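Reading through the structure tokens given below for one structure.
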Amino acid sequence: QSVLTQPPSASGTPGQRVTISCSGSSSNIGNNTVNWYQQIPGTAPKFLIYINDHRASGVSDRFSGSKSGTSASLAISGLQSEDEAAYYCAVWDDSLNGVLFGGGTKLTVL
Amino acid sequence: VQLVESGGGLVKPGGSLRLSCAASGFIFSSFNMNWVRQAPGKGLEWVSSISSRSTDVHYADSVKGRFTISRDDAENSVYLQMNSLRAEDTAVYYCASGIRERPGGAMDVWGQGTTITVSS
């Protein structure tokens, strides 16, 4: 079964660096590029990262992405209160022949 | 650059709805288009994608055979025909544009969403 696994929650204090992981398999992350989205409650998702580590237009350089094998990570440095949101990884899955979203990670800024 | 969804509402189980998404501010015909939904309190779930020129369409297993995606490049619009609706289809439905001709999970522009409630 094709699944992207993210931790349900993460937290950090202002100024800290946090990372959010996304674990998949050879049919998705292992063979395709990873994208990341930010969703503030009550709003539409926002495009953050594409092709594993490319920032979307207008996205702060505090956000960075990486991929290794069948896992990917989103890092947020210099954490700010406005970063409090849910973060989702998304990738094409060759077995499903469709897009797979991770379950989402709710980031809390303490 | 904007996407505006319409067509949401309350529908009884087994009923049908057609969602529309109107695009503006970019070359609509060059990019794949997607529908993504979010059930109340849940995460994002991909529903369907259509490539530019409608050469490829893809569906999540949960909607295959019930939903049909289409696009009209002359109208800069993408549609989602939803039949045999179930309670579990209740969600906010987002339209999102891709960054390439073929879908791949990268969606750079999102609409505000339209709510579908399936209930008797």
Side-chain angles (χ1 to χ4, degrees), chain A residues 1-9 20 22 24 27-29 31-59 65 67 72 85-107, chain B residues 1-5 8 21 23 25-26 31-51 55-65 67 69 80 91-115:
Chain A
Q1 186 178 358
S2 296
V3 174
L4 293 181
T5 301
Q6 296 182 237
S9 63
I20 296 170
C22 176
S27 66
N28 42 69
I29 294 178
N31 201 39
N32 296 292
T33 58
V34 181
N35 311 280
W36 290 91
Y37 299 89
Q38 176 195 60
Q39 187 180 33
I40 293 168
T43 70
K46 174 186 176 183
F47 191 42
L48 282 183
I49 300 287
Y50 65 105
I51 314 178
N52 306 325
D53 57 8
H54 289 60
R55 275 185 298 277
S57 176
V59 173
K67 170 184 151 177
Y87 292 85
Y88 296 89
C89 56
V91 65
W92 186 264
D93 188 281
D94 296 330
S95 296
L96 292 178
N97 203 23
V99 179
L100 203 54
F101 278 95
T105 298
K106 182 178 180 181
L107 174 64
Chain B
V1 177
Q2 194 176 14
L3 295 172
V4 179
E5 301 98 336
C21 172
F26 65 100
F31 302 102
N32 72 81
M33 294 298 296
N34 307 266
W35 288 97
V36 176
R37 68 185 181 184
Q38 187 167 36
K42 302 295 185 183
L44 301 175
E45 179 190 14
W46 170 77
V47 174
S48 183
S49 298
I50 185 168
S51 62
T55 48
D56 301 313
V57 295
H58 307 271
Y59 300 96
D61 287 343
S62 58
V63 307
K64 202 170 293 183
F67 290 11
I69 191 171
L80 187 68
V92 175
Y93 284 72
Y94 295 102
C95 165
S97 62
I99 66 171
R100 295 191 180 88
E101 293 183 351
R102 301 190 68 186
M107 308 171 205
D108 61 341
V109 181
W110 292 66
Q112 82 287 356
T114 187
T115 300

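This structure is a prediction, so every number in the text was calculated from the model and none was measured. Within every chain, numbering begins at 1; the chains are lettered A, B, ... in the order of the sequence lines, protein sequences first and strands thereafter.
The two residues B/Gly105 and A/Ala90 make their nearest non-hydrogen contact at O-CB, 4.1 Å. The shortest heavy-atom contact between A/Phe101 and B/Glu45 is CD1-C, 4.3 Å. Taking both residues in full, the closest heavy atoms of B/Ser49 and A/Val99 are given as OG-CG2, 4.3 Å, listed atom of the first, atom of the second, then distance. When all heavy atoms of A/Asn35 and B/Gly104 are compared, the closest pair comes out as ND2-O, 3.7 Å. A/Gln39 and B/Tyr94 get closest at one heavy-atom pair: NE2-OH, 3.5 Å. Across B/Gly111 and A/Ala44, no two heavy atoms sit closer than the pair O-CB, 3.2 Å.
Of all the listed residues (A/Ala86, A/Gly104, A/Pro45, A/Gly102), the one sharing the greatest number of non-hydrogen pairs under 4.5 Å with chain B is A/Pro45. Note: B/Leu44 leads B/Leu44, B/Asn34, B/Asp108 in heavy-atom pairs under 4.5 Å with chain A. Contact count versus chain A (heavy atoms, under 4.5 Å) is highest, among B/Ala106, B/Ala96, B/Gly113, for B/Ala106.
Taking the centre of each ring, A/Phe47 and B/Trp110 stay at or above the 6.0 Å mark.
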(request) Walk me through it: do A/Tyr50 and B/Ile99 pass the test side-chain contact (heavy atoms from CB on, under 4.5 Å)? (result) CA-CA 9 Å; A/Tyr50 65 105; B/Ile99 66 171; 3.7 Å; yes
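For B/Val36, the part lying under 4.5 angstrom from a heavy atom of chain A is the side chain only. For A/Asn32, no part lies near chain B; criterion is any non-hydrogen pair under 4.5 Å. With a 4.5 angstrom heavy-atom cutoff, B/Arg100 touches chain A only via side-chain atoms. Residue A/Thr43 touches chain B through its backbone alone, counting heavy-atom pairs closer than 4.5 Å. Heavy atoms of B/Ala60 lying under 4.5 Å from chain A are absent altogether. Interface remark: B/Gln38 contributes side-chain atoms only to the contact with chain A (heavy atom separation under 4.5 Å). Using a 4.5 Å cut-off between heavy atoms, A/Ile49 makes no contact with chain B at all.
A distance of 9.5 Å separates CH2 of B/Trp46 from CG of A/Asp93, quoted to the nearest 0.5 Å.
Although no hydrogens or angles enter the test, the distance criterion places no donor-acceptor pair under 3.5 Å between the side chain of B/His58 and the main chain of A/Gly98.
Other residues, nucleotides and ligands contribute over 12 non-hydrogen atoms within 6.0 Å of the NZ atom of B/Lys64. More than 12 heavy atoms of other residues, nucleotides or ligands lie within 6.0 Å of CZ in A/Arg55, so this atom counts as buried by the packing criterion.
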